[in-house]
Amino acid sequence: MGCSSSHADSGAVSSTAVSGRGADIDAAVLAATSFSQGGLSNKLSLGFKCEELPNMDTFSKSDPFCVFYKKTGNRWQILGKTEVIHDNLNPEFVTKIMADFHFERKEEFKVEVYDSDDDS
């Protein structure tokens with residue numbers, strides 16, 4: 001699962017930092033991090049791939065897609081879904097799902113993989 005991040009306000013980082021003395025690293029961390037009312041957080045872009053999925057179809061291979069959830073209270077909230085990849089037991093999904101990650105807070109996420117019977 002690959003992750004990358006960027007700051008919503010690119011003007012939040014000063015360009016007057018002296019490069020080569022650690023200031024460039026500090027600026028990069030600041031740019032990738034958001035200080036909101038909910039505390040320190042970071043926006044993640046998550047990508048998914050699967051290997052050796054069981055074949056759930058009779059006359060062809062499975063048509064998998066992923067659903068990404070975050071637990072809110074006692075309920076699982078869908079944060080995003082990938083595209084369906086037809087006839088593939090080792091899919092690499094193109095769709096990235098965005099999620100806010102809050103540091104120093106327990107958060108529960110889950111990914112479920114389903115076999116699509118159609119494109120809906």
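Numbers for residues simply follow the sequence, beginning at 1. A quick note: this is a predicted structure, and the numbers were derived from the prediction, not measured. Reckoned from all heavy atoms, side chains included, excluding hydrogens, waters and symmetry mates.
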So CG of L40 and CD of E104: to nearest 0.5 Å the spacing works out to 7.0 Å
Report yes if some heavy atom in the side chain of N42 is under 4.5 Å from a heavy atom in the side chain of F103; otherwise report no. yes
Mind checking the CE-CG spacing from M98 to D100? Nearest 0.5 Å is all I need. 8.0 Å
Side chain to side chain donor-acceptor pair (under 3.5 Å) with K106: which residues, sequence neighbours excluded? none
Quick one: does V67's side chain get under 4.5 Å of V111's, heavy atoms only? no
In Å and rounded to the nearest 0.5 Å, what is the CG to CE distance from D117 to M56? 10.0 Å
Can you list every pair that meets salt bridge (Lys or Arg N to Asp or Glu O under 4.0 Å) and has a residue in residues 49-68, with sequence neighbours left out? K49-E51
Any salt bridge (Lys or Arg N to Asp or Glu O under 4.0 Å) pairs touching residues 71-91, not counting sequence neighbours? none
Shared hydrophobic cluster for L44 and L79 (ILVMFWY, side-chain gaps under 4.5 Å): yes
Could you walk me through whether F93 and I85 pass side-chain contact (heavy atoms from CB on, under 4.5 Å), step by step? CA-CA 8 Å; F93 300 97; I85 299 183; 3.7 Å; yes
Any side-chain heavy atom of L89 sitting closer than 4.5 Å to one from S62? yes
Can any side-chain N or O of S41 pair as donor or acceptor with the backbone N or O of F101 at less than 3.5 Å? no
Below 4.5 Å, heavy atoms only, C-beta onward: do L53 and P91 meet side chain to side chain? yes
Measure the acute angle between the ring planes of F109 and F68, then classify it against the limits of 30° and 60° as parallel, tilted or perpendicular. parallel
Donor-acceptor under 3.5 Å (E107 side chain, H102 main chain): yes
Would T95 and F48 count as a side-chain contact (heavy atoms from CB on, under 4.5 Å) here? Give the steps. CA-CA 8 Å; T95 302; F48 302 94; over 6 Å; no
Considering only heavy atoms from C-beta outward, does the side chain of W76 approach that of E108 to under 4.5 Å? yes
Going only through I, L, V, M, F, W and Y residues with side-chain contacts under 4.5 Å, is there a path from V113 to Y69? no
A side-chain contact here means heavy atoms from C-beta on lying under 4.5 Å apart; do E112 and K110 qualify? yes
